[in-house]
Amino acid sequence: MPLTQVPPVAIGGLVYGTAGFRGNAEDGRLDGVAYRCGVIAALRALSERGRLGTVEPEKRQAGQVWAIVGVMVTASHNPSCDNGFKIVDCDGGMLERRWEQYAVDLVTRGHRAEDIGRQLQHIAGVEQISSTVIVNARGTAVLIGQDTRTTSPSLARWIHRGAAAAAEYLCRDEGGVGRPSASSLQVVDVGVCSTPALHYAVWRMQRETWRPSSQALDAAERVLSEYEERLVAAFVQATASSPAAGDAASARTTMVVDCANGAGAPLLQRLCERLPPACPYRFVLVNTAVGDADHLNERCGADYVQRNRQAPAVWDSPLARSPPECAGSLDGDADRLVCFFHPTPNALCLLDGDHMVALLVDFVVGALLHASDDDGGETVANRPEGRRPWRVGVALTAYSNAACVAFLHRLRKSCEVQQQTRVPNVSLDIVFAETGVKHLERQAREYDIGIYFEPNGHGTVLWPCLNTSPPATQRHLPAALQLLARLANPAIGDGVANLLLLLAVLHARQWSLAMWHDALFTPLPAVHRTVRVPDRHLIVTRGAHYELLQPEALRDSVNQLVQAVSAAPPIEPHHPADAATPAPRVLIRPSGTEDIVRIYVEASPKPLAEQLAADVEDAVIRILHPSMP
Ligand code: G16
């Protein structure tokens, strides 16, 4: 398809927000954005092909590795009328910032075919995408995945057209010489999959060599099925190796999983079918109506449960009448998870990303400390060459509850105290990043083991030590952690993989969800609110803790409100180990995925948090939406 039949971008002022482009997709409004995402994905893959050819000539000799970029069609937790695009970079992670900017330029300024052509040439020049690369682009592919929205298949076709047109246009620019054959840049649609599965496919394929006969679709389907096999195998092994394995089937725990009527449902169904009868968990999947777009994320899913502290509506199961003791909710594209249980029929206890990060850090640090006990009397003198303390890093956002942060600091302190009299084996850092997996992931990758989570249920454990350390270090990673590493998605946070990972850890500890909930910390009362205003971008903040800078009137109002409640009489400590209850906190920021302002208030006791949140909401409306009554 030539560049002359380019659909227009029907939505103004789009930004590559927290996780790509998003908007209302009705009436083809996102077709133009899809097309331009295809263009960018093709260019990114071609630039990677060029880099592999010049920078890593040894790979040429060993056989070429794939140069792959993914585009996921999804608006994740948003309502079903929305859709969007998450571009998966060549390493399986989030798109590099420079390329985000190219994408924004193309979407906001590439109005006509000529504009797109000019920008294409500009990017090809800056990124040194040579004519040789464009013509000989075998082993280069754009993989398209889609969630279950009704608009996804047609948007996937527009991505396909954009990617193919970009490659064709650049070839034509070479004077018509060496027009690419059909197999040069391959653009393939893998159909419905979870976002993390697409990340995994890209991550895995770029570690493989291709042959002249290789078809990207075959390779993608193979690695996607390998992703499922890997998860099942690691979960079976992790839950079989615990001391309690082999107990009677009656001891099995039933885990109810709300699939949000989205892309996680078919994936989890396939995984569950392959679990052996001896598996200590029995999964009951609810909200699996993927053909019914109206029900996607509708009163269900991770976002709904986390923000409302409410159990999901269950559309397709009698379980609605008997609240489960062990449950989890995925979101529409299955990249996040929250867990919950009902201590009494009408109450809900939530286990969000804070509980997940606390459990996993506790487990990882504990395993590393314990491993050093097993080493017995290691000294600086007899420590094997190349071995140094494990650097464990935890990356959080300002939305993490102060009680969780306090727990992690206590853990860091206790880790230091335990190692005072011997050669330290573990160090623990706690760092903060702005909202968004893309920010957290960059921070977490700086460590040997990086753990990042957002309270909304996005997160994972990353194991950079397994890719970069000398093999000697790998051998010293305790077996329990090597197993966890196989359960975690190596490319990105993954709701389905995390479900299995967390259950494996709970099984190893012989903990129920209730024990997990009570064991680590008690969150301070927190309230989330969202407000729709005419222009959410009037809110300007600074840094990972979202210091409010603009509008000044709002900043001053919020400061006054916080000071007023801070001056209130002291409150009882919320956790016995906390010396004092932290001060009330208010965060206000524009969402990067929805046309809303997010307000987060943390204060104790709960009625104070509720009142403060209501007052802050009033201030936001008064200052940013003066016409509202
Ligand atoms: C995306 C991002 C998350 C972020 C969430 C909400 O998730 O990947 O990191 O927490 O959006 O972002 P915001 O507060 O800016 O709306 P998802 O699951 O919606 O793709």
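Ligands are counted one by one from 1 in listed order, and the atoms in each one are counted from 1 as well. Just so you know, these numbers use all the heavy atoms, side chains as well, and skip hydrogens, waters and symmetry mates.
- Ring geometry for H517 versus H355: interplanar angle under 30°, hence parallel rather than tilted (30 to 60°).
- By the ring-ring contact (aromatic ring centres under 6.0 Å, His included) test, Y200 pairs with W203, Y227, sequence neighbours left out.
- Aromatic rings from Y600 and Y399 are positioned such that their centres are separated by under 6.0 Å.
- Scored by the side-chain hydrogen bond (donor to acceptor under 3.5 Å, both in side chains) test, S400 finds D354 as partners (sequence neighbours excluded).
- Shown here are the ring-ring contact (aromatic ring centres under 6.0 Å, His included) partners of H77, two or more places apart in sequence or in another chain: there are none.
- At least one side-chain heavy atom of I599 sits under 4.5 Å from a side-chain heavy atom of V601.
- Residues lining ligand 1 at a heavy-atom distance below 4.0 Å are given as T18, A19, R22, S76, H77, K86, D331, D335, R336, T435, G436, V437, E454, N456, H458, R589, S591, G592, T593, R598, ordered by chain and residue number.
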